[in-house]
Chemist: 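I am attaching a structure below and will ask some questions about it afterwards.
Note that the structure is a prediction, hence the values are computed from the model and not measured.
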2 protein chains.
Amino acid sequence: MTTTFEALADPTRRRILDLLRERPRLVGELVDLLEISQPGISKHLRVLREVGLVHVRQDAQRRWYELRLEPLAEVEGWLQPYRHMWEERYERLDELLDELQEKENKHDEP
Amino acid sequence: MTTTFEALADPTRRRILDLLRERPRLVGELVDLLEISQPGISKHLRVLREVGLVHVRQDAQRRWYELRLEPLAEVEGWLQPYRHMWEERYERLDELLDELQEKENKHDEP
DNA sequence: TCATTATATAACTTGACAGTTATATAACCA
DNA sequence: TGGTTATATAACTGTCAAGTTATATAATGA
């Protein structure tokens, strides 16, 4: 288990990340919310830690797990050309946004 | 193996998709380009077919495999709120684009 | 200090998956 | 028709991952 893609392949891990989107959580909270044993959750958190998708903050015996977005850049990067194709085919949304962006920039220039 | 996420977890399958981004390919081409046996490639193609990421066109004994983007919507959908967070945090790019879009719309209205 | 709380790790089981080789299927062509 | 080409499927193997239970670690608080 090394890549972000593999970490995201597991539905439980995706659910954990979704929960962490709201706010940092203790391991115990995740155990209560998902229906998996505490060691099971800890193992998932380990994988997420290893790929950098979560970060731990210790607080006495408790550990707050919080989301880290950075590794998603890898996924975004891979998806980028596909999104491009999609947009080219269906809306040319990409070009539109680029154009708009450009106009706006000129607008703001002195 | 059911979800798009799982299909994308395997690096060989991602490479196959990358190759299909250029143009449709025969199984044999993929076998030559990747260093995996023909049955191995066929198995990966099966998985990709099952989640709808590729489509086959038969041509005599040959099979042209071509990319299908639709299933990537599932991934995009899941990523959306994360991208949102990212943009909120680092650039508010999202809001900017929305604003630009709105202005442009007013512009185009009679 | 000792029991409790919170989490991590170890050890194990089960199942699935990526890869292989061997074989089946099926269309082509000489 | 029979051999060749192109791909799929079957059967098998080894690895790894997700889950479990049991245990270790470590900080707290009475």
Side-chain angles (χ1 to χ4, degrees), chain A residues 1-20 23-68 71 74-75 78, chain B residues 1-20 23-68 71 74-75 78:
Chain A
M1 180 74 54
T2 1
T3 71
T4 309
F5 282 99
E6 287 162 309
L8 296 181
D10 184 274
T12 300
R13 283 196 289 270
R14 288 200 303 279
R15 287 206 58 201
I16 290 177
L17 294 175
D18 286 341
L19 289 167
L20 295 182
R23 54 181 179 77
R25 310 260 189 181
L26 296 172
V27 179
E29 295 182 62
L30 297 170
V31 174
D32 292 344
L33 291 166
L34 311 171
E35 304 199 321
I36 290 180
S37 68
Q38 177 266 312
I41 295 291
S42 281
K43 272 179 66 179
H44 281 304
L45 289 171
R46 183 136 121 87
V47 173
L48 292 172
R49 245 185 295 136
E50 280 167 0
V51 301
L53 277 166
V54 300
H55 181 246
V56 205
R57 207 158 22 87
Q58 188 149 1
D59 163 25
Q61 329 95 300
R62 296 180 212 101
R63 315 260 176 128
W64 292 97
Y65 276 86
E66 54 184 52
L67 183 61
R68 288 288 166 116
E74 184 191 348
V75 180
W78 185 84
Chain B
M1 181 74 53
T2 0
T3 71
T4 308
F5 282 98
E6 286 161 309
L8 296 182
D10 184 272
T12 300
R13 283 195 291 269
R14 288 200 302 280
R15 288 206 57 199
I16 291 176
L17 294 175
D18 286 341
L19 289 166
L20 295 181
R23 53 182 181 76
R25 308 261 190 182
L26 297 173
V27 179
E29 294 184 63
L30 296 171
V31 173
D32 292 344
L33 292 166
L34 311 172
E35 303 197 322
I36 290 178
S37 66
Q38 176 267 311
I41 296 291
S42 281
K43 273 178 67 180
H44 281 305
L45 289 170
R46 183 136 120 88
V47 173
L48 292 172
R49 246 184 294 135
E50 280 168 0
V51 302
L53 277 166
V54 301
H55 182 244
V56 205
R57 208 158 21 89
Q58 187 149 2
D59 163 27
Q61 330 95 298
R62 299 182 210 100
R63 316 261 175 128
W64 292 97
Y65 276 85
E66 53 185 50
L67 182 62
R68 287 290 165 114
E74 184 190 349
V75 180
W78 184 84

Chemist: Take atom CD in B:Gln58; do more than 12 heavy atoms of anything else shown fall under 6.0 Å from it?
Modeler: yes

Chemist: Would you kindly give the CD-to-C1' distance between A:Gln61 and C:dA6, to the nearest whole Å?
Modeler: 6 Å

Chemist: Within less than 4.0 Å of OP1 or OP2 of D:dT20, is there a side-chain N or O belonging to A:Ser37?
Modeler: yes

Chemist: Have a look at A:Gly40 and say if it touches a base, only the backbone sugar-phosphate, or nothing, with a 4.0 Å heavy-atom cut-off.
Modeler: base

Chemist: B:Asp10 has an atom CG; how far is it from atom P of D:dC16, in whole Å?
Modeler: 14 Å

Chemist: B:Leu30 has an atom CG; how far is it from atom C1' of C:dA18, in whole Å?
Modeler: 17 Å

Chemist: For DNA chain D, whose closest nucleotide is more 5', that of A:Arg63 or that of A:Ile41?
Modeler: A:Ile41

Chemist: How many whole angstroms separate atom CG of B:Leu48 from atom C1' of C:dA18?
Modeler: 13 Å

Chemist: Looking at A:His44, does any N or O in its side chain come under 4.0 Å of the phosphate oxygens OP1/OP2 on D:dG19?
Modeler: yes

Chemist: Looking only at the side chain of B:Leu26 (C-beta and beyond, no hydrogens), which of the listed nucleotides C:dG19, D:dG19, D:dT7 gets closest?
Modeler: D:dT7

Chemist: By nearest atom, which of the nucleotides D:dT28, C:dA27, C:dT21 is closest to the B:Pro39 side chain?
Modeler: C:dT21

Chemist: Would one find a side-chain N or O of A:Tyr65 under 4.0 angstrom from OP1 or OP2 of C:dA6?
Modeler: no

Chemist: Rounded to the nearest Å, what distance is computed from the CD atom of residue A:Glu29 to the P atom of nucleotide C:dT5?
Modeler: 17 Å

Chemist: Give the minimum heavy-atom separation between B:Phe5 and A:Leu8, together with the two atoms involved.
Modeler: CD2-O, 3.9 Å

Chemist: Could you check if a side-chain atom of B:Val54 sits within less than 4.5 angstrom of a side-chain atom of B:Arg68, using non-hydrogen atoms only?
Modeler: no

Chemist: Could you tell me the separation between the CZ atom of B:Arg46 and the C1' atom of C:dG19, rounded to a whole number of Å?
Modeler: 16 Å

Chemist: From NZ of A:Lys43 over to C1' of D:dA17, roughly how many Å is that when rounded to an integer?
Modeler: 7 Å

Chemist: In a check of side-chain contact (heavy atoms from CB on, under 4.5 Å) between A:Tyr65 and each of A:Arg49, A:His55, A:Arg57, which one passes?
Modeler: A:Arg49

Chemist: Give the rounded distance in Å between these two atoms: CD of A:Gln38 and P of C:dT9.
Modeler: 11 Å

Chemist: Taking only the side-chain nitrogens and oxygens of B:Arg62, find out if one of them lies under 4.0 Å from OP1 or OP2 of C:dC28.
Modeler: no

Chemist: Using the side-chain heavy atoms of B:Val27, tell me which of these nucleotides is nearest: C:dA8, D:dA8, C:dG19.
Modeler: D:dA8

Chemist: Between A:Val31 and A:Gln38, which heavy-atom pair has the shortest distance, and what is it?
Modeler: CG2-CA, 3.6 Å

